[in-house]
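One structure below.
In what follows, chains carry the letters A, B, and so on, assigned in the order in which the sequence lines appear, proteins first and then strands, with residues in each chain numbered from 1.
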Protein chains: 2
Amino acid sequence: MEILTEKKARITDIATRLFREKGYAATSMRDLAQAVGIEAASLYSHVKSKEEILSRICFSLADAFFEAQHHALQPDDAAPAALRKAVEAHVGVVAAHLSASGVFLHEWRHLSEPSLSRFRELRQQYENHWLMLLRRGKEEGVFHYEDEAIAVRHILSALNWIYDWYKPNGRYSVEQLSAHISKLIIQGIQ
Amino acid sequence: MEILTEKKARITDIATRLFREKGYAATSMRDLAQAVGIEAASLYSHVKSKEEILSRICFSLADAFFEAQHHALQPDDAAPAALRKAVEAHVGVVAAHLSASGVFLHEWRHLSEPSLSRFRELRQQYENHWLMLLRRGKEEGVFHYEDEAIAVRHILSALNWIYDWYKPNGRYSVEQLSAHISKLIIQGIQ
DNA sequence: CCTACCGATCGGTAGG
DNA sequence: CCTACCGATCGGTAGG
């Protein structure tokens with residue numbers, strides 16, 4: 001985890017919220033500066049460019065997804081337990097970073113090369129982890145689905161959209177949410 | 001269905017693709033004009049504003065979702081059959097309008113009032129249709145889920161993300177795709 | 001459908 | 001972290 005100065009962390013946090021609400025392209029550095037409480041030109045003492053902020057948001061969250069999954073899984077888990085843990089880990093990251101998840105999912109295409117390619121590769125790699133999980137369950141005879149690519153997309157779609165509707169102070173805790181979601185998903189393939 | 005002149009329809013089609021690829025805010029009227037093959041100022045002989053184009057894309061697709069669902073459902077369908085038909089109708093619309101679906105899902109927030117509120121209401125209304133469907137299945141004793149709001153979001157998430165990965169000329173026809181998806185969804189709540 | 005153009009705003013820099 | 005400012009680009013209009 002990269003260490004940021006307090007001010008830079010604050011700028012990144014506020015930018016995350018603005019990029020999620022208005023979109024990256026429609027958020028100006030002047031919008032961001034006003035929300036932070038300084039002049040637009042002063043932002044450049046803390047960040048190199050607007051894109052540097054976007055890049056940090058996207059790659060930090062990618063890190064978080066990998067790390068959470070890595071910590072959740074044990075090599076000797078049976079496939080259904082592993083899938084449930086992976087779902088809980090993913091939901092946990094999304095729920096803890098709702099705005100960043102929205103930016104991660106939609107604004108990454110405003111990255112320029114080489115960040116853009118690197119981002120796409122990380123995403124592909126993460127999807128492959130899920131694919132392996134599903135395959136393992138199929139080989140164990142406990143998962144049933146006709147097409148693994150569709151099944152993976154189906155699962156990640158359900159997990160990713162959570163950022164768009166989950167209310168952290170609403171009816172359900174993150175634990176309850178991920179329990180509900182993993183039940184819907186796992187029943188779908190069992 | 002509103003009738004557009006051939007040129008206006010062409011402008012809307014090209015704008016749909018650009019808005020989906022680059023985002024609404026990052027697509028300039030000059031980008032659009034170049035893709036159409038005229039000067040930027042000439043666009044304004046055909047459309048009132050950039051937002052008018054966005055508005056048309058969003059509300060046309062909303063119409064398509066309502067219409068497809070209305071045509072698919074019969075009042076005397078049992079809940080599982082109705083859910084399957086509703087899934088097929090929704091997937092059919094998304095698959096037939098992949099770029100427009102992306103715009104519909106992500107760019108609507110660039111609408112200004114009163115379009116913005118009207119759009120939100122339509123979306124809420126459509127979600128309510130799905131809620132009713134699920135409730136009916138629960139009352140019939142054939143659907144099982146712990147929270148109806150989560151179940152609806154779960155289903156629509158899986159259906160909506162299709163725009164992001166489905167390849168019309170790939171391995172699966174729309175019919176095969178929606179059959180796979182509806183199986184994953186319906187098994188999840190049965 | 002074009003040329004010519006408007007005021008506003010953009011990301012970013014110079015220099016302190 | 002600020003004032004002052006840059007060239008580029010934005011959505012849109014006038015007038016033909």
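Phosphate proximity of dC10(D) to Ser28(B): present, with a side-chain N or O under 4.0 Å from OP1 or OP2.
Side chains of Phe59(A) and Phe104(A) form no contact here, defined as non-hydrogen atoms less than 4.5 Å apart. Annotation: side chain of Leu105(B) is not in contact with side chain of Trp161(B) (no heavy-atom distance under 4.5 Å). In this structure, the side chains of Phe65(B) and Val94(B) come closer than 4.5 Å at one or more pairs of heavy atoms.
Side-chain contact annotation: Gln69(A) with His129(A), donor-acceptor N/O pair under 3.5 Å present. Using modelled atom types, one finds no donor on one side chain facing an acceptor on the other under 3.5 Å when comparing Ser60(A) with Asp63(A). Side chain to side chain, Ser112(A) and Glu51(A) meet the donor-acceptor criterion of an N or O pair below 3.5 Å. There is no side-chain donor-acceptor pair under 3.5 Å between Asp13(A) and Thr16(A).
The distance between atom CE of Met29(A) and atom P of dC2(D), rounded to the nearest whole Å, is 14 Å. The CG-P distance, from Leu18(B) to dC10(D), rounds to 13 Å in whole Å.
When the options Arg135(B), Arg136(B), Arg153(B) are evaluated for a salt bridge (Lys or Arg N to Asp or Glu O under 4.0 Å) with Glu148(B), the one that passes is Arg135(B).
A salt bridge is defined here as a Lys NZ or Arg NE, NH1 or NH2 lying under 4.0 Å from an Asp or Glu carboxylate O, and Arg84(B) with Glu88(B) meets this definition.
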Seminar exercise, completed: Encoded 5' to 3' (Watson-Crick or G-U under 3.5 Å; [ ] crossing; | other strand), DNA chain D becomes ||||||||||||||||
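Within a heavy-atom distance below 4.0 Å of DNA chain C, the residues of residues 32-57 of chain A found are Ala41(A), Tyr44(A), Ser49(A), Lys50(A).
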Under 3.5 Å between N/O atoms: give me all the protein pairs with nucleotides 6-8 of chain D, atom names plus distance.
none

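Here the closest non-hydrogen pair linking Tyr24(A) and Glu107(A) is N-OE1, 3.2 Å.
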